Amino acid sequence: MNMWEQKLRDIFQTEKKNSGEKTAQEMNVRFAELNMRDFFKHVVFPAYDDLKKEIEKYGRTVEVNVDDSGMNSASMTIYAPSDKNPDEQVEEFYFEMRGRAYQKAGFAFPQHADEEQPRIRKVEILLRNGTVDEYDIENLTREDIIECFVAEYSKWINY
């Protein structure tokens, strides 16, 4: 099944469950959620899988955690053998991608927002010490995620 066919199926299955009339705001929120889920499924998770396989070749343990819904957040924690006890693992690096969909606000009162407009969909890249950057999901590729991870991991290890 193609990705667009899957999206349509998801839309219509949800439509059956919620057979009532939907407002433009509800449709925009649902569309943003579906796009975010697809982004994590087809871009973030494959990038994490590639990174995990490569990092484990160097004697590290990689743990990937996903939020319950599987569409808003995914993190990777890298563990290295302890210098004091080789049987013990210590956290070496933490990398998280957190999705956000929001209404563009050009004013101070969100209750006056134009709900007819689609949501802006972005992901934040976070480390243990805070946010690194924020990216529009439309412009972020699997390779971009891998390059960002390697750059941040390199900074962390060489600090």
Side-chain angles (χ1 to χ4, degrees), residues 1-14 26-106 110 113 117-159:
M1 180 178 290
N2 291 324
M3 189 170 15
W4 65 267
E5 290 171 327
Q6 178 69 34
K7 282 183 183 181
L8 278 176
R9 191 184 85 187
D10 289 347
I11 289 169
F12 289 116
Q13 283 179 344
T14 301
E26 291 170 328
M27 290 302 288
N28 284 331
V29 168
R30 181 65 182 146
F31 183 70
E33 288 172 351
L34 289 172
N35 278 340
M36 193 62 70
R37 183 179 353 189
D38 283 347
F39 174 75
F40 271 82
K41 183 178 178 182
H42 298 289
V43 180
V44 175
F45 298 150
Y48 278 18
D49 287 341
D50 290 348
L51 286 164
K52 182 179 189 309
K53 287 176 194 167
E54 192 63 26
I55 292 167
E56 287 177 342
K57 290 179 185 178
Y58 298 96
R60 302 299 196 257
T61 301
V62 179
E63 184 179 288
V64 176
N65 292 306
V66 180
D67 70 327
D68 292 337
S69 66
M71 68 178 178
N72 290 323
S73 175
S75 66
M76 285 181 51
T77 308
I78 314 303
Y79 295 95
S82 170
D83 291 337
K84 296 175 183 171
N85 182 358
D87 294 330
E88 187 178 298
Q89 298 277 319
V90 293
E91 183 177 311
E92 183 175 62
F93 187 67
Y94 176 84
F95 185 87
E96 179 181 355
M97 296 193 74
R98 187 177 300 162
R100 298 185 320 127
Y102 58 90
Q103 188 71 39
K104 185 174 183 177
Q117 295 298 315
R119 297 286 192 260
I120 295 170
R121 297 167 311 274
K122 296 197 177 240
V123 290
E124 294 175 303
I125 295 181
L126 302 114
L127 305 178
R128 287 278 186 225
N129 60 346
T131 302
V132 173
D133 213 340
E134 184 177 86
Y135 299 93
D136 187 328
I137 68 169
E138 302 300 323
N139 302 323
L140 195 62
T141 67
R142 177 180 182 168
E143 291 75 24
D144 293 334
I145 294 168
I146 292 170
E147 287 177 22
C148 182
F149 175 89
V150 171
E152 293 303 323
Y153 188 57
S154 175
K155 288 180 205 173
W156 191 264
I157 296 302
N158 294 321
Y159 179 70

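Along the sequence shown, the residues carry numbers beginning at 1. Any value given below was found using the heavy atoms of this structure, including those in side chains, with hydrogens, waters and symmetry copies removed. In this text the structure is predicted, and so the values were computed from the model without any measurement.
Nearest approach of Ile78 to Tyr153, heavy atoms of both residues: CG2-OH, 3.8 Å. Here the closest heavy-atom approach between residue Tyr94 and residue Ser75 is recorded as OH-CB, 3.5 Å. In this structure, Val62 and Lys52 approach most closely via the heavy-atom pair O-CE, 3.5 Å. Here the shortest heavy-atom pairing between Lys122 and Asp136 reads CG-CA, 4.2 Å. Contact detail for Pro81 and Gly59: the closest heavy-atom pair is CD-O, 3.8 Å.
Side-chain contact between Phe45 and Val64 is absent, with no heavy atoms from C-beta onward closer than 4.5 Å. Between Ile125 and Glu152, every side-chain heavy-atom pair lies at or beyond the 4.5 Å cut-off. Counting only heavy atoms from C-beta outward, the side chains of Val44 and Ile145 approach each other to under 4.5 Å.
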message = Quick one, Phe149 with Ile55, criterion side-chain contact (heavy atoms from CB on, under 4.5 Å). Give me CA distance, side-chain angles, the key distance, then yes/no.
response = CA-CA 11 Å; Phe149 175 89; Ile55 292 167; 3.5 Å; yes

task = Could you walk me through whether Phe93 and Leu127 pass side-chain contact (heavy atoms from CB on, under 4.5 Å), step by step?
result = CA-CA 8 Å; Phe93 187 67; Leu127 305 178; 3.6 Å; yes

inquiry  = Apply side-chain contact (heavy atoms from CB on, under 4.5 Å) to residues Phe95 and Leu51 and explain how you reach the verdict.
reply    = CA-CA 11 Å; Phe95 185 87; Leu51 286 164; 5.8 Å; no

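Each side chain to side chain donor-acceptor pair (under 3.5 Å) pair with one or both residues in residues 80-91, not counting sequence neighbours, appears once here: Thr61-Gln89, Glu91-Arg128.
Under a 3.5 Å cut-off, the side chain of Tyr135 and the backbone N or O of Asp144 do not form any donor-acceptor pair. In this structure, the side chain of Trp156 engages the main chain of Glu92 through a donor-acceptor pair within 3.5 Å.
Between the CG atom in Leu140 and the SG atom in Cys148 there is a gap of 8.0 Å [rounded to 0.5 Å].
Of the candidates Glu124, Met97, Glu96, Ser73 forms a side chain to side chain contact (heavy atoms under 4.5 Å, CB included) with just one, namely Glu96.
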